[in-house]
Amino acid sequence: QVQLVESGGGLVQAGGSLRLSCAASGRTLSGYGMGWFRQAPGKEREFVAAINWKGDSTYYQNSVKGRFTISRDDAKNTVYLQMNSLKFEDTAVYYCARKRSGYNAYYSENYDYWGQGTQVTVSS
């Protein structure tokens, strides 16, 4: 069993930055790909970013490319999402999740453990 806890969300002005963290307990994240998703009010959950188990391949939704960076520190059992140049449309609850091995990183159904989410609000 894996427990994932996100932190680092908050209220920020457009153009600002936040760094989200996803800390795992129970079992190590080592050997698993990890992803970040988000869900805005009235919208479906959408893929934001993912990183492979080695940490040498990353994937991003087009709207966040060049602004967001996903990284991992397996020694700390933590995954990060650095978010720069935030926009109003980035406002959402952000979730981290552990990906099932061998599955496509872009689809939420391919993740087996999820955190409870952290709210990011960007004021325009």
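Along the sequence shown, residues are numbered consecutively beginning with 1. Note that the coordinates shown come from a computational prediction; the quantities given were computed from them, not determined experimentally.
- No single ILVMFWY cluster, assembled from side-chain heavy atoms under 4.5 Å apart, contains both Y111 and V2.
- For A92 against A40, the heavy-atom pair with the smallest separation is CB-N, 3.8 Å.
- V5 and L20 end up in different hydrophobic clusters when Ile, Leu, Val, Met, Phe, Trp and Tyr side chains are linked at under 4.5 Å.
- Put simply, the side chain of T78 gets close to the backbone of K76: a donor and an acceptor are under 3.5 Å apart.
- With a 6.0 Å radius and a threshold of 12 heavy atoms from other residues, nucleotides or ligands, Q13 has its CD atom at or below the threshold.
- How far OG of S101 is from CG of N52: 11.0 Å, rounded to the nearest 0.5 Å.
- Here the straight-line distance linking atom OG1 of T91 with atom CD of Q119 works out to 7.5 Å at 0.5 Å rounding.
- Each of L81 and Y59 belongs to its own hydrophobic cluster when Ile, Leu, Val, Met, Phe, Trp and Tyr are linked at side-chain heavy-atom distances under 4.5 angstrom.
- Other residues, nucleotides and ligands contribute over 12 non-hydrogen atoms within 6.0 Å of the CH2 atom of W114.
- Counting heavy atoms from C-beta on, the side chains of M83 and V122 never come closer than 4.5 Å.
- With a 6.0 Å radius and a threshold of 12 heavy atoms from other residues, nucleotides or ligands, R100 has its CZ atom above the threshold.
- Here CZ of R19 is found 6.0 Å from OG of S71. Values are rounded to the nearest 0.5 Å.
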Exercise. Please walk me through it: do I70 and V79 pass side-chain contact (heavy atoms from CB on, under 4.5 Å)?
Worked result: CA-CA 7 Å; I70 187 171; V79 178; 4.1 Å; yes
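- A donor-acceptor pair is defined here as one N or O able to donate and one able to accept, closer than 3.5 Å; such a pair exists between the side chain of N110 and the backbone of N104.
- No continuous path of ILVMFWY side-chain contacts below 4.5 Å connects Y94 to Y80, so the two sit in separate hydrophobic clusters.
- Residues Y60 and V48 share a single hydrophobic cluster, defined by chaining ILVMFWY side chains whose heavy atoms lie under 4.5 Å apart.
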For this session: Given side-chain contact (heavy atoms from CB on, under 4.5 Å), test Q1 with Y113 step by step and report yes or no.
Result: CA-CA 8 Å; Q1 193 77 359; Y113 290 99; 3.6 Å; yes
Exercise. Step by step, would you call D90 with F68 a side-chain contact (heavy atoms from CB on, under 4.5 Å)?
Worked result: CA-CA 11 Å; D90 294 319; F68 291 12; 3.9 Å; yes
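- Checked by atom type and distance alone, the side chain of D74 never pairs as donor or acceptor with a backbone atom of N77 at under 3.5 Å.
- Taking OG1 of T118 as the reference point, atom CG of L18 lies at 8.5 Å (rounded to 0.5 Å).
- Side chain of R67 to backbone of S85: a donor-acceptor contact under 3.5 angstrom is found.
- Considering CZ of F37 and CD of E44, their distance stands at 12.5 Å, rounded to 0.5 Å.
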For this session: Begin with the C-alpha distance, continue with both residues' side-chain angles, and end with the deciding distance and a verdict on side-chain contact (heavy atoms from CB on, under 4.5 Å) for L4 and L29.
Result: CA-CA 10 Å; L4 301 174; L29 295 179; 4.0 Å; yes
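- Ring-plane geometry between F47 and Y106 is classed as tilted, the angle between the planes lying from 30 to 60 degrees on a 0 to 90 degree scale.
- For the atom pair I51 CD1 and M34 CE, the distance stands at 10.0 Å (nearest 0.5 Å).
- W36 places a side-chain heavy atom less than 4.5 Å from the side chain of E6.
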